[in-house]
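A short write-up of the structure that comes next.
Below, chain A is the first sequence line, B the second, and so on; all start at residue 1. Values reported hereafter were calculated over all heavy atoms of this structure, with side chains retained and with hydrogens, waters and symmetry mates removed.
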Amino acid sequence: MAPMSKYEFNSIEKKWQQYWAEHNTFAAQNESEKPKYYVLDMFPYPSGAGLHVGHPLGYIASDIYARYKRHKGFNVLHPMGYDSFGLPAEQYAIQTGQHPRKTTKENIARYRQQLDTIGFSFDWNREVRTSSPKYYRWTQWIFMQLFESWYDYNADKARPISELISIFSSEGNTSVNAACDAEVSDFSSEEWNGFSEEEKQQILLQYRLTYLAETEVNWCPALGTVLANDEIVNGVSERGGHPVVRKKMKQWSMRITAYAQRLLDGLDKIDWPQPLKDSQTNWIGRSEGASVTFNVKDYDASIEVFTTRPDTIFGVSFMTLAPEHPLVSKITTDAQKEKIEAYVEATAKRSERERMADVKTISGEFTGAYAEHPFTKEPIPIWIGDYVLASYGTGAVMAVPAGDQRDHDFARHFDIPIPDIFEGVDISEEAYADKDSTPLMNSDFLNGLSYNEAVNKAIEALEQQGAGKGKINYRLRDAVFSRQRYWGEPFPVYYKNGLPQLIDAKHLPLTLPEVSAYLPTEDGQPPLGRADKWAWDTEKNEVVENSKIDDEKVFPLELNTMPGWAGSSCYLFRYMDPNNEEQLAGEEALRYWQNVDLYLGGSEHATGHLLYSRFWTKFLYDRKVLPVDEPFKKLINQGMILGESAFVQKVSAVVRDENSSTEPFEVFVSSSLAEKANNKFSKPGVQEFEDAFSYIQMNLKRIKERKNVRDINMNNQVHSYSDISYVINNNELDIEGFKKWRSEFSNAEFITEKDGTFKVTREVEKMSKSKYNVVNPDDICEQYGADTLRMYEMFLGPIEQAKPWNTAGITGVHSFLKKLWKLYHGGENGSFQVSDDAADKESLKTLHKTIKKVEEDIENFSFNTSVSTFMIAVNELSAQNCNQREILEPLAILISPYAPHIAEELWEKLGHNGSISKVAFPKFEEKHLVESSKEYPISFNGKMRFTMELPLDMSKDDIEAAVMAHEKTEQYLEGRTPKRVIVVPGKIVNIVG
RNA sequence: GCUGAAGUGGUGGAAUUGGUAGACACGUUGGACUUAAAAUCCAAUGGCCAGAAAUGGCCGUGCGGGUUCAAGUCCCGCCUUCAGUACCA
């Protein structure tokens with residue numbers, strides 16, 4: 001019996017995955033005649049749950065693009081790695097006592113196996129793991145570079161700290177225009193040289209790009225760590241949703257604010273989605289205005305405010321300080337002290353979240369103190385109020401009730417005068433905040449001026465008085481860089497007399513010590529405080545036991561670790577030269593690969609990873625480590641794939657079961673009945689649930705089973721494949737199955753529909769283990785093959801769009817691949833058969849149409865439409881009985897980025913050695929498309945249409961003649977003379993009379 | 001509130017950027033093959049109307065206007081949804 005040739009995806013895929021691994025097919029060369037192209041995915045955090053079908057979406061898209069670029073003659077770098085430091089492994093370690101290193105390693109192994117199953121063309125020789133000392137050595141090294149640098153605004157770049165020291169010793173700091181802490185005071189070179197070494201270090205710390213400072217940080221008590229601003233969402237922690245409070249702590253920070261303007265400017269140079277650019281722009285939050293200084297009357301102090309409306313300075317009728325403002329306690333008069341203290345205390349108690357939720361209530365308190373207006377010298381009452389945020393600007397505002405709604409509300413609430421400063425505007429009810437040409441009045445030298453004129457003139461006058469100057473303010477804050485955690489990069493820092501010192505770079509990496517437990521210590525130290533061997537011996541240059549600390553040669557090491565974004569900020573450069581022991585990456589590799597040409601990942605990193613990564617890249621560019629100042633040239637956000645969850649509705653009131661004294665008796669209602677009952681809720685008497693009738697949604701489980709299926713096509717072989725079944729069948733709950741699964745509800749009552757069924761409710765939400773809506777790619781690969789999974793994920797819709805996963809449609813893509821296979825297997829019993837005859841015109845047309853469309857689609861990242869294009873092509877070629885090599889060879893190449901395994905197999909059967917991935921992309925030839933590409937916009941009445949084939953090279957006159965000669969023309973024109981004839985590319989002719 | 005994106009059949013989504021709206025796929029219906037099922041193949045499938053049929057007509061891309069020979073696409077005004085962000089002075 002002749003061997004049956006069926007599309008056996010499982011063995012084909014295994015075979016080629018093995019081939020690629022053995023032959024290192026996708027290894028990128030650091031030296032090449034070819035142009036380079038760098039395609040990168042955001043590397044995953046290897047979680048214990050493994051990959052679900054949503055994760056590979058972006059990887060598949062980038063893999064298609066990478067494979068396409070290889071066909072197009074590029075030397076493609078397409079690496080993958082793991083962002084393997086982080087919270088979940090640590091939480092798991094706390095619960096189980098297992099070392100995070102172990103779980104991380106296991107999770108990575110599982111991820112790798114899952115990734116391999118899908119057939120990605122990653123260059124695994126270049127794998128990077130952030131938790132590997134070989135890698136984090138360079139994270140530590142970059143930290144040290146930041147520590148050893150300061151930001152010079154005059155040169156607008158980072159410079160070595162040694163250059164700052166020499167400036168200080170020759171000129172002092174008065175000529176220095178640097179990014180530094182606010183409270184730096186002026187000193188001369190003589191003073192500098194007279195400072196002790198310790199004093200010098202203290203001062204330098206205020207200039208370093210990473211610095212240790214006592215700052216207000218976001219402390220999350222539940223997680224036991226501080227969080228950066230981007231790790232807080234709606235006042236609670238992004239991870240876990242725990243409350244966050246403000247707390248003063250000594251922490252490492254990154255002076256990212258020095259780069260605010262350059263981070264903003266750089267956005268113009270990169271090809272990123274507009275929403276993502278917008279959120280970075282908003283996050284940086286540049287606003288132009290002026291800083292104005294108000295002297296406090298009868299007290300030696302001044303209040304600096306930032307305002308975007310210096311033009312309204314004559315409308316100031318009070319000032320408001322944030323309750324946390326340091327001056328509050330100093331300037332408050334004795335008479336007001338009690339009230340002010342009570343108010344400050346009350347606001348401190350409220351969490352950030354409460355304050356944000358409650359924006360309607362106006363509250364505040366008068367301090368009893370007055371400031372002096374810089375021009376009129378009038379006294380201005382100083383208030384405190386929680387609508388002023390300590391963390392923005394200077395934590396103080398000059399209140400102009402006429403021009404700002406919040407000031408207006410505050411003034412009305414506390415009966416503070418509202419000076420009228422806009423001509424012809426009624427401000428009795430609300431403030432007038434428009435920046436337009438409305439002339440000012442009651443404003444002395446600004447009278448009659450419009451916004452634009454007045455702003456400039458006001459700033460000029462303020463500068464003359466020395467009471468203020470034009471200023472650009474940014475919302476962006478310096479990023480807190482310490483985390484009180486175990487599973488992260490240790491800082492290469494030890495402390496001498498409380499001052500941080502770097503260990504020498506040549507002794508890196510400083511590896512994470514072993515600890516007895518992964519929790520903070522009893523006295524509130526981070527977990528590294530539990531390490532017995534965590535001190536630095538400056539003579540031996542190695543880590544030694546804590547007991548040897550003598551504060552002369554042996555010093556304590558930093559106990560904090562770096563945050564999650566440390567490792568991900570520069571990993572892209574490490575891929576270029578991952579085994580370099582001397583440098584982050586060799587200069588030649590950096591010069592050759594430059595930066596990432598295409599980056600794929602989710603938009604959730606907009607203000608985190610993507611901003612920090614740009615910051616570090618710019619910094620390393622300044623310090624001449626990198627030849628580029630942007631990490632990612634083009635970025636595409638892939639949308640999330642959502643899962644479809646099923647719910648049952650449970651009545652929340654627990655009714656006692658009369659017959660059982662222990663078990664509560666629970667009632668479930670089907671969704672349609674629930675709706676009915678819900679509608680009747682207002683009327684009492686809905687059966688037994690009169691009060692407290694509401695529902696708790698419960699996610700339903702999918703049960704994975706293996707089924708043995710007799711397959712007649714496969715010679716009655718018994719196949720076993722995994723099948724996903726549910727406690728749900730077609731939206732109907734299997735009540736017995738459900739009771740079995742959740743035994744706690746075994747005696748629950750189910751109120752069913754009239755026909756005895758129990759309908760579930762459906763909802764689309766994020767895939768998550770706890771929601772039982774996760775679809776595992778392994779199952780799909782086993783049942784349909786990786787090529788089907790790859791094509792189906794692309795077919796689901798545009799790459800940027802969020803979309804629910806629906807396994808139902810997958811058969812369409814799968815049967816397409818079977819049809820493709822058949823195209824090459826038209827022989828007896830489905831044996832391989834292609835002919836060497838010349839292809840016919842129709843087939844050539846189909847082929848070239850497909851080449852053109854697929855190439856366009858890939859270039860536009862519209863992968864979903866090219867799957868359709870392939871389907872059409874294969875349908876057409878089947879109908880044409882096409883089996884010519886001339887067609888089938890290029891077709892295999894075309895499809896290989898999408899379905900690489902089947903393409904390799906066909907390529908081999910076509911008699912080629914070596915991987916299809918090395919072959920050039922087929923060239924499109926227009927001559928094969930018999931269609932006019934010319935368009936003659938003559939006219940069209942919308943109804944007269946007929947179709948005729950027109951050769952490509954026809955002249956305008958010929959086309960017109962042909963159209964006029966067509967039998968239908970006369971009929972359409974009904975005796976009228978045509979004004980114009982339109983020939984659309986294709987074959988539609990429109991005529992108008 | 002502000003910023004951004006988007007509204008097309010029963011469903012996911014196409015539409016060469018102003019030129020046959022609904023490609024392709026799912027689903028549904030009917031048919032072929034089969035003892036049967038699976039698999040496979042074929043046909044129909046936006047709505048309404050006329051016709052035995054081939055076919056023909058009208059309506060149709062969230063709503064209301066406008067530009068144009070021609071609008072899903074461009075302009076003006078609304079409505080809705082999603083995403084991000086928010087006492088930012």
Provide the distance between the two [atom1] atoms, one in [N] and one in [M], to the nearest whole Å.
N     : M     : atom1 : answer
B:U28 : B:G77 : P     : 46 Å
B:G64 : B:G9  : C1'   : 24 Å
B:G62 : B:G30 : P     : 33 Å
B:G60 : B:G72 : C1'   : 11 Å
B:U73 : B:G19 : C1'   : 11 Å
B:U85 : B:C69 : P     : 47 Å
B:A44 : B:A53 : C1'   : 16 Å

Please classify the nucleic acid contact of [X] as base, sugar-phosphate, or nothing, using heavy-atom distances under 4.0 Å.
X      : result
A:N875 : sugar-phosphate
A:K819 : sugar-phosphate
A:K853 : nothing
A:D278 : sugar-phosphate
A:N864 : sugar-phosphate

Tell me which nucleotide, if any, is Watson-Crick or G-U wobble paired with [N] when both distances must be under 3.5 Å.
N     : answer
B:G27 : B:U45
B:G84 : B:C2
B:G19 : B:C69
B:C63 : B:G77

Would you tell me if any nitrogen or oxygen in the side chain of A:R475 comes within less than 4.0 Å of OP1 or OP2 on B:A86? yes
According to a strict under-4.0 Å criterion, is A:Q801 in side-chain N/O contact with OP1 or OP2 of B:G13? yes
Are the aromatic ring centres of [X] and [Y] under 6.0 angstrom apart?
X      : Y      : value
A:W805 : A:Y792 : yes
A:F9   : A:H814 : yes
A:H825 : A:Y7   : no
A:F863 : A:F795 : no

State, yes or no, whether a side-chain contact exists between A:V813 and A:Y784 at a heavy-atom distance under 4.5 Å. no
Determine if the base of B:G9 is syn or anti; take syn to mean the glycosidic torsion is within 90° of 0. syn
A:P275 side chain: which of B:C24, B:A89, B:G4 is closest? B:G4
Check this for me, if you would: do A:R412 and A:E429 make a salt bridge, where the nitrogen-to-carboxylate-oxygen distance has to be below 4.0 angstrom? yes
A:K849 NZ to B:C24 P, straight-line distance once rounded to whole Å: 11 Å
Between P of B:A14 and NZ of A:K803, the distance in whole Å: 10 Å
